[in-house]
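For reference, the structure discussed in these notes is given below.
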Amino acid sequence: MIKKDGRLVKWFFFQMYECSRVEKFITDMAKKGWMLESFKGSKFTFRPCEPVELRFSVELFDLASETGVTNDATKTYIEFCERAGWNYVAGDRKIHIFSTNNYNVVPIETDDEITLSIINKNILKTNLYVWFMLPFLAVLTMKNNFDDFQYFITDYFSIALCITWVLLLINSLIGIINYLIWYISTKRRIKCGNAIKYYDGKNRTILMAINMTVCLAILAFFNIVEILEGNLILLTSEIVLAVFIIIPAYFMKRKEFSIKMKVVTTFLITLVIIFLGGFVTFMSVRFVDYFKNNARIIVYLDDEGLACRLVEKNKIPVSLEDYGVPPKNSVAFIRETSADVSATVFAQSYTYYDYYSMKNDDNYFKRIDYELFESDFQWVMDQYVKQCSHPEYHAEISEVDPTEFGADRLFVEKYEEDAGMKYIAIYGNKVFTLSVDEVPTRDQINLFIQKLNLS
Amino acid sequence: MNDLPREKFQTLTEQMYYILLALDEECCGVDIMEKVNVLSKKRVSVGPGTLYTLLAKFVKAEMIEETLIEGRKKSYILTKHGRDVLKEEYARLKTQVEDGRILFEGENKND
C-alpha cells in the first residue's frame, strides 16, 4: 500500500527465529528501490530510494525496553554497533535492524550460543499465551462442550466454535513443534561448530495460512446456515457491521489500497464480521429463545388484588390435558409451556415442557418435562446414552425392564426426597427422556409412544 | 534456561578470553572490539552485540567492574575474581598446549 506521502507499507509476519527471512525481505526491497524507514510489529514502512545492494542485520537485543521506549542500554548498544561499522536503520521493542555496504564488517553477533539463548528466552516469553494458554483454553472449552453433549451436537454454532478451537490448537502445535525442531537442530549445529541457521519459515506460514482459511471457511459456512435458518438478528447485525466497517475501508481510503491489500483487508474484515456476528448470534439465539419459549404474560386485577398469568403459546405433542392431569379452572394461575427444537446434520433435539400452578394454592402444581433426541450417527448416540446413563447429583440411576416402554433399554433415575423421577428410554436411533413427579400409567406411556412415533 | 554460554565461566570461549585480556587495563566499552583485534593479531573478532551482552554478564558475575561512567560511555577493568578466572583459563590452555606438544614431539621423534 503506497501512502499519500509516497511511503510504502508492507506487512511481513515473522517470529524471532526467522531473522534471515526479514533480512532477505528488506534486502530485496532495497534492491527494488525501497529503503526501510521504520517497522512496528509486522508493519514495515519503506521510503523510495535509489536501488541499492546493502547487507542488513536483524538483531534481537535482550536488554531493550519491552514498551518500545529507547532506553540507555539500547542507545549504547546502537553506539557499539555503529562503532563496528553498522548503520542503525530502525527498531521496535527488542528487534533492531542495522545495515552496511561493507561486506567485511564483523557481524553484530559472533557468539551463536549467546544468540540462541537470547532467542529462546524471548520466543518463550512472547509465545507464552499463544502456545500454552490458548491450547489450555481450547481443551477447557472443548471439554465444556462435551459435558453438555446434547446442546453441543444439536447447535451449529457450538460445533463451529469447537472446530475453530481445534484448528487454533493445531496452529499452536505447529508453532511449538516447528520451533522445537529448529531449536534442537540449531543447538546441535552450534555444538558441531557450525553457524546458526535461522528458520526459513515458509512451511509453517503456509500451514498456518491454510489452517486459518479453513477456520474462516467453517465459521462462514455455519454463519450462513444460521442466517438461512432465519436468524434475522444476526443478518441485521452483520449488515450494520459491514456497512460501518467496509464503507470506511473501501470508500474513504480506496485510492491507497493495492489489490493485494484489498484482499488482505477483505479477509480481516470478514473475520471480524464473522466473529462479531457469531457473538451476536450466540446472544440473540438465547434472547429469542427466551421469549419464544415462554408464554405471554397477562396482568389483571382479581378479588385478591393484582394477579398475573402466562398464557400458553406453544403447541406441544403431549400437553398436561393430553397427559390426563388437566389444570384446574381458575382465574389466577401460572401456565408455562415450551417447545424447543435444535437440530444439526448430526443430531436433533426436541425439548418440551408444560407447567401449571395455582396462584392461591402453593401445594397445587403439575408438570411434565420430556425430550426426544435423534441421531443417525452411532458415535453420537453412544456419547449421548453414556451421558444420560450417568446419574445427576442427588440421584440414583438403574437399568430396568424396557418392555413397558417398548424400548431397547430403559433407565430410571430417582431423585432424593421424592423430588420425582426421570425415565430414559432408548429406541434404536432415538432417546426419549421423561421427567415426572409420579409414576406414569400404561396409557400415559402409550400416549408418548404414539405421539412421538417412538416404537 | 541457562543463558551463560559456558556454565559459570568454567571454560571461556576465545572471545571471552580476549575480552578479559583486553580489560587488564581500563578500557572503554566500544574500544574493546579494536583491542581484541590487536591482541589476537586480527585472528579473533568480537561483534558489537556479543560484546555488549558479554560485558553485562561479566559485570553481573563480578569479573569486571565499571570504572568511569560519562553519560552512557562506560569504561571497565578486570576485578580480582576476573583475573583469577583468566589465570585459570590460561593455566588450562597451557596444559592443553603442553599435552599437545608431548604428543606431537613424540610423533616427530618416531618419524
Side-chain angles (χ1 to χ4, degrees), chain A residues 19 55 57-64 70-88 91 94-98 100 102 104-125 128 179-180 183-184 187 190-191 193 195-196, chain B residues 1-20 22-23 27-61 63-64 66-76:
Chain A
C19 289
R55 177 183 168 196
S57 186
V58 177
E59 299 298 330
L60 183 61
F61 179 54
D62 199 28
L63 299 174
T70 313
N71 57 14
D72 276 355
T74 312
K75 284 177 189 164
T76 315
Y77 171 76
I78 294 169
E79 268 177 26
F80 270 51
C81 296
E82 285 177 340
R83 181 73 180 266
W86 289 94
N87 300 313
Y88 187 62
K94 293 197 176 224
I95 296 186
H96 295 271
I97 300 177
F98 298 84
T100 181
N102 181 356
N104 296 320
V105 161
V106 180
I108 291 174
E109 293 296 343
T110 46
D111 189 322
D112 286 340
E113 278 194 51
I114 292 179
T115 312
L116 182 64
S117 68
I118 293 173
I119 291 174
N120 190 47
K121 188 175 141 190
N122 284 281
I123 283 275
L124 292 179
K125 212 193 277 179
L128 186 74
Y179 176 67
L180 275 178
Y183 179 78
I184 292 165
K187 196 140 187 147
I190 293 172
K191 240 180 190 171
I196 201 164
Chain B
M1 178 56 57
N2 169 33
D3 60 354
L4 294 180
R6 297 286 181 273
E7 201 174 355
K8 291 176 186 172
F9 301 108
Q10 277 174 350
T11 57
L12 301 175
T13 61
E14 260 190 325
Q15 295 180 66
M16 290 175 183
Y17 183 78
Y18 278 101
I19 291 170
L20 291 178
L23 290 175
C27 186
C28 177
V30 285
D31 294 333
I32 298 171
M33 281 178 282
E34 275 163 39
K35 216 172 163 184
V36 167
N37 239 330
V38 173
L39 283 170
S40 66
K41 297 167 190 70
K42 292 193 176 176
R43 201 177 53 80
V44 176
S45 304
V46 185
T50 303
L51 174 66
Y52 193 94
T53 313
L54 283 175
L55 285 177
K57 287 182 194 302
F58 286 149
V59 170
K60 203 175 169 192
M63 288 162 70
I64 60 169
E66 289 166 358
T67 52
L68 187 74
I69 303 171
E70 282 175 30
R72 285 194 315 277
K73 201 174 174 187
K74 288 178 188 171
S75 293
Y76 303 88

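The sequence lines fix the lettering, A, B, ..., with proteins before strands; numbering per chain opens at 1.
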Residues A:Glu59, A:Lys94: salt bridge by 4.0 Å N-O rule
no
Are B:Gln15 and A:Thr110 close enough, and set up right, to give a side chain to side chain donor-acceptor pair (under 3.5 Å), and what steps lead you there?
CA-CA 9 Å; B:Gln15 295 180 66; A:Thr110 46; 2.5 Å; yes
B:Tyr76 and B:Phe58 aromatic centres sub-6.0 Å = no
I'd like to know if B:Glu34 and A:Arg83 make a salt bridge, using a cut-off of under 4.0 Å between side-chain N and carboxylate O. yes
Greatest number of non-hydrogen atom pairs under 4.5 angstrom with chain A, of B:Asp31, B:Ile32, B:Thr50, falls to B:Thr50
Bottom line for B:Thr53: the part with an atom under 4.5 Å from chain A's heavy atoms is side chain
Bottom line for A:Ile190: the part with an atom under 4.5 Å from chain B's heavy atoms is neither
